[in-house]
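All remarks here apply to the structure that follows.
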Amino acid sequence: KRMMMIIRRGGGGGGIIMMNVDISLVRDFTGQVDTTTGEVVCEFRFPVESRCPHARGTLEIAADYKFDNGLWLEDFRDTLSLMLQHGYMRPVPGTCVSPPCVLMVGGLS
């Protein structure tokens, strides 16, 4: 099951739906995940008293990308190129029953 957050916007408009993995780039979910359902128990913005804390290690990088799409595209291109040339990490087949998963280096097949 893929867990997601719906970020509500004011003015009666619809919300933005993002996967938890996306939100975790700017919010720290440590201790904020229901271990039985995988649901995040803190909020993205409001109410402030139940808001997830900022992800200190990646918030600034995410902000740089938010305001400079060209920078994101350049970095994505460079990263994708490295993954295609050198492979990437993926779970060892049959070993990833629950996170954290054992990883192995994988290339193109």
Side-chain angles (χ1 to χ4, degrees):
K1 182 177 180 179
R2 294 184 178 104
M3 299 307 295
M4 64 186 104
M5 294 180 101
I6 299 174
I7 302 169
R8 304 270 179 222
R9 290 189 167 173
I16 298 171
I17 298 175
M18 296 184 82
M19 303 299 289
N20 286 352
V21 67
D22 300 317
I23 300 294
S24 69
L25 292 171
V26 295
R27 295 288 190 234
D28 182 1
F29 292 161
T30 304
Q32 303 290 333
V33 178
D34 181 320
T35 56
T36 58
T37 65
E39 228 176 325
V40 175
V41 297
C42 55
E43 299 293 330
F44 183 73
R45 288 191 181 148
F46 302 107
V48 173
E49 55 276 356
S50 63
R51 180 171 52 198
C52 304
H54 290 116
R56 293 181 185 169
T58 53
L59 181 65
E60 189 174 319
I61 297 167
D64 289 344
Y65 289 147
K66 178 180 180 179
F67 297 110
D68 189 343
N69 193 55
L71 174 64
W72 185 88
L73 289 171
E74 288 174 25
D75 287 351
F76 178 79
R77 178 201 60 212
D78 295 345
T79 302
L80 180 60
S81 177
L82 285 170
M83 288 174 64
L84 293 174
Q85 290 173 22
H86 302 287
Y88 53 90
M89 301 296 278
R90 67 176 187 237
V92 175
T95 63
C96 189
V97 178
S98 65
C101 301
V102 177
L103 298 176
M104 68 179 194
V105 175
L108 296 174
S109 52

Residue pair A55 / L25: nearest heavy atoms and the distance that separates them:
CB-O, 3.8 Å
At their closest point, which heavy atom of V33 faces which heavy atom of V41, and how far apart are they?
N-CG2, 4.5 Å
D64 side chain reached by L71 side chain, heavy atoms, under 4.5 Å:
yes
Here the side-chain hydrogen bond (donor to acceptor under 3.5 Å, both in side chains) pairs for residues 67-80, sequence neighbours left out, are Y65-D75
Say you draw a straight line from CD of Q85 to CG of L80; how long is it, rounded to the nearest 0.5 Å?
10.0 Å
Looking only at heavy atoms, the pair that brings F44 and I23 closest together is CD1-CG2, 3.8 Å
Could you list all the side-chain hydrogen bond (donor to acceptor under 3.5 Å, both in side chains) pairs where at least one residue sits in residues 22-32, not counting sequence neighbours?
R27-H54, D28-T30
Please enumerate all residues that pass side chain to side chain donor-acceptor pair (under 3.5 Å) together with S50, with sequence neighbours excluded.
none
Out of curiosity, does L73 fall in the hydrophobic cluster containing L84 (side-chain heavy atoms, cut-off under 4.5 Å, transitive links)?
yes
